[in-house]
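Heavy atoms only: backbone and side chains are in, while hydrogens, waters and symmetry mates are out. Numbers here are sequence positions counted from 1. For clarity, every value in this text was computed on a predicted model and none was experimentally measured.
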Amino acid sequence: KEGKLSYRADKDAFYLHLAFEFKPEQIEPKTLMGVDRGVANICAYTVCDPNTYKPIAYGHCEGKTLLDFLKKEDEYKVTRQKNGHKYTGNRKRNFANRVIHLATNEVVLKAQQHASQVFVEDLSSLVQKNQGKKERGKRSSTGRLSALGYTLSKAQYTKFLQVLSYKLEAVGLPKPKEVNAAYT
């Protein structure tokens, strides 16, 4: 679509920057993949035959590492703020992004291998929008986050769905469909 040639005198080198549009060949789904997002595991997935609903493949992406890191970062944040230092949250955000991308890569690879239509549980009833800003868990009558709400706000469920959507489209599969979370 466009290009730019730049020169860096400090390295005595030219760099070519190209922007292009990539349209993958569309893959017709032949199987179904259910993805359950959780706390102990970022996600668990099962690929099923659409006629018999028998499992073809399954797996999970562990989430304990992320939860442990987020807990440690929260403690670090409190310590920094008590000592009068600013806390930006960059380490927490970068680590969480890396974990989400690794998990979605695994799901997309399996979905691509089995030509799957991906279904993800709709968690909108468990996670509410807070005046159009960041997603937060539901608050109790005292205004504090419930244990589940706190975990949901840390687990980046929306980020997982957004990344999964664009990665599925990038390989030619349809966007994931959200289904009722009950009994998933």
A170 to F22 - nearest heavy-atom pair and separation: O-CE2, 3.7 Å
Please check: side-chain N/O of S116 versus main-chain N/O of Q112, any donor-acceptor pairing under 3.5 Å? no
Should the pair K64-D68 be classified as a salt bridge under the 4.0 Å nitrogen-to-oxygen rule? yes
Can you tell me how far apart CD (E62) and CD1 (I42) are? Round to the nearest 0.5 Å. 7.5 Å
For I27 and P174 the tightest heavy-atom approach is O-CD, 4.2 Å
With a 4.5 Å heavy-atom cut-off, do F119 and M33 have their side chains touching? no
Do K177 and V120 touch side chain to side chain, with heavy atoms closer than 4.5 Å? no
Shared hydrophobic cluster, V171 / Y45 (ILVMFWY, side-chain heavy atoms < 4.5 Å): yes
Return yes if some donor-acceptor pair links the side-chain N/O of Q117 with the main-chain N/O of K175 below 3.5 Å, else return no. yes
Any side-chain heavy atom of V107 sitting closer than 4.5 Å to one from V35? yes
Within the distance-only criterion (no hydrogens, no angle test), does the side chain of T31 pair as donor or acceptor with the backbone N or O of H114 below 3.5 angstrom? yes
Side-chain donor or acceptor of Q26 paired with backbone N/O of P24 under 3.5 Å: yes
Would you say the side chain of H60 lies within less than 4.5 Å of the side chain of D36, judging by non-hydrogen atoms? no
With rounding to the nearest 0.5 Å, note down the distance linking NZ in K92 to NZ in K77. 5.0 Å
Please check if atom OH in Y7 has more than 12 non-hydrogen atoms from other residues, nucleotides or ligands closer than 6.0 Å. yes
Donor-acceptor contact present, side-chain N41 to main-chain A44, <3.5 Å: no
About how many Å separate NZ of K159 and OG1 of T104, when rounded to the nearest 0.5 Å? 9.5 Å
Just wondering, do L164 and V108 contact through their side chains at under 4.5 Å, heavy atoms? yes
Does Y166 belong to the same Ile/Leu/Val/Met/Phe/Trp/Tyr cluster as L173, with side-chain heavy atoms less than 4.5 Å apart forming each link? yes
Side chains of C61 and C43: does their closest heavy-atom pair fall under 4.5 Å? yes
Measure from the side-chain N and O atoms of T52 to the backbone N and O of K54, and report whether any donor-acceptor pair falls under 3.5 Å. yes
Walk me through whether V118 and L168 qualify under side-chain contact (heavy atoms from CB on, under 4.5 Å). CA-CA 9 Å; V118 177; L168 285 170; 3.9 Å; yes
How close do R93 and T88 get, heavy atom to heavy atom, and via which atoms? NH2-O, 3.5 Å
So which heavy atom on P176 is nearest to which on L161, and how close? CG-CD1, 3.8 Å
Would you say that Y15 contacts K4 through its side chain, given a criterion of any heavy-atom pair below 4.5 Å between the two side chains? no
Is it true that a side-chain atom of R91 and a backbone atom of E73 form a donor plus acceptor pair closer than 3.5 Å? no
Could you tell me whether the side chain of E121 and the main chain of R37 form a donor-acceptor pair under 3.5 Å? yes
Measure the shortest side-chain to side-chain distance between K167 and H101 over non-hydrogen atoms and say whether it is less than 4.5 angstrom. yes
Under 3.5 Å, side chain of E169 to main-chain N/O of G172, donor-acceptor pair present? no
Verify the cluster assignment for Y58 and Y53: are they in a single hydrophobic cluster under the rule of side-chain heavy atoms below 4.5 Å apart? no
Could you label the plane-to-plane angle of the Y76 and Y87 rings as parallel, tilted or perpendicular, counting under 30° as parallel and over 60° as perpendicular? perpendicular
Should L102 and L66 be counted in the same cluster of Ile, Leu, Val, Met, Phe, Trp and Tyr side chains packed under 4.5 Å apart? no
Quick check: closest heavy atoms across I56 and C48, and the distance to 0.1 Å? CD1-C, 3.8 Å
